[in-house]
Amino acid sequence: MRILLITDLYPLFEEEKGIPLTIRDFALGFLERGHMVEVFRPNLIPNVLIRKRKLYKNGCFENKGIRIFNKNFLTPFQKNSVLRAYKKYFQGENFDAIIAHMPSGIMCADIISKEHNIPMLAAVHSSDITVMKSFKYLMFKKRMFEAYKNAVCILPRSFWLKEKIKKIIPELEKPIEIIYSGIPLAITEENEKLERNFNSKKAKILTVSSLIERKNIKNLMLAYKKLKKKYPKVSLEIIGEGQLKEKLEILNIKNKLDVKFSGQLPHSDILNKMKDTDIFILPSKNETFGMVYMEALSAGMAVCCTKNSGIDGIIKDNENGFLLKPNKRGIYDVLTKILNLKPRQFTEVSKNAITTAKMFSYENSIKNYLEKIELFRL
């Protein structure tokens, strides 16, 4: 197949900051399986500046063998300007399918799909739900709805997003199929060899996150403060950077929490940390999927995720991980529950986590995604 991927959430090069690699990994998976993939990255300039991302020039880039055409738009994706950009970058291309991720990608894909009669599949992230529900994005809501109606298939990134989109647009008569992410099978199989010795009195807790409001790290730290009274030797490490880092560090000092802030670490270092840590917790509010949860599952950690968010649906409460309410009490309760597990109970959860990671492997996620494209583009 010849696939055009349209999204503003695609890195122009490996070290570009603020761009997750999940969508790029999907594209590389398609490429590895013999499909031709090109990327159109439409950036709304005000949005880039608000997010404090670097604004790169218009033009062609290449990342790991995939061409990316970067185009900056001052106003929200008017038909003529989108089609001019498409003609300039993709003149003569005959794509079999358009895959759209994120609101900007979906709105641009809708225009191109209609003009050139190319079937479009629309992925759903938490950002799309925000646009569809928030009054401040009212000007985009109609366009998003029209794009969903034009799509041949809707592809939510998680189980809970599938339920969200069905509730927000109950009249949407389109196939809705989940496209999940996964960890390479080789990593998970290597982690199966680990021998975990769970000691609740000295348990290590880890979170990996952008330090922003939505990730809910403040409530995690406040719950940890209460937890330390009962388990004084339990530790918490926070990996990541963000606009709230200074405030969180002040909270740490004032409350004498001894939380370790490790800043931004290389991906390989994070995976190694997970092998040596017992509990992973990220109590985000409104998380799309969160590859970091899958990485933690693949390491056999006790993984804690917010109910109706992230990988709820993949995580089964008390079986392969734990679900929580994203307030201080809910976080404290789930951590206490884990620390009250007997070693054999912790081991059972750990084994189930690794089994789950193998089921939802990177290899299976690519196969699943390609099957959806093949099925619904026709």
Does [X] have any ring-ring contact (aromatic ring centres under 6.0 Å, His included) partners at least two apart in sequence or in another chain, and if so, which?
X: His116; answer: Tyr86
X: Tyr180; answer: Phe360
X: Phe13; answer: Tyr56

Return the set of residues passing side-chain contact (heavy atoms from CB on, under 4.5 Å) with [X] (not counting sequence neighbours), or none when no residue passes.
X: Lys367; result: Glu371
X: Glu115; result: Lys79, Leu83
X: Thr306; result: Pro283, Ser309, Leu324, Pro326
X: Ile129; result: Val124, Lys133, Leu161, Lys164, Ile165, Ile168

key: Plane angle bin for Phe73 and Phe77 - parallel if under 30°, tilted between 30 and 60°, otherwise perpendicular   =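 Perpendicular, since the angle between the ring planes exceeds 60°.
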Taking only residues two or more places apart in sequence, or in another chain, which ones meet [X] in a side-chain hydrogen bond (donor to acceptor under 3.5 Å, both in side chains)?
X: Lys114; result: Asp110
X: Asn70; result: Arg41, Asn43
X: Thr207; result: none

inquiry  = Suppose we screen for salt bridge (charged side-chain N to carboxylate O under 4.0 Å, His left out). Which residues come up paired with Arg24, at least two apart in sequence or across chains?
reply    =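 Arg24 satisfies salt bridge (charged side-chain N to carboxylate O under 4.0 Å, His left out) with Glu14 only.
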Using a 3.5 Å cut-off and no angle test, enumerate the donor-acceptor pairs between side-chain atoms of residues 223-231 and protein atoms at least two apart in sequence or in another chain.
residue	atom	partner	partner atom	Å
Tyr224	OH	Lys228	NZ	3.4
Tyr224	OH	Val234	O	2.8
Tyr224	OH	Leu236	N	3.4
Lys225	NZ	Asn255	OD1	2.7
Lys228	NZ	Pro232	O	2.8
Lys228	NZ	Val234	O	3.2
Tyr231	OH	Asn340	OD1	3.0

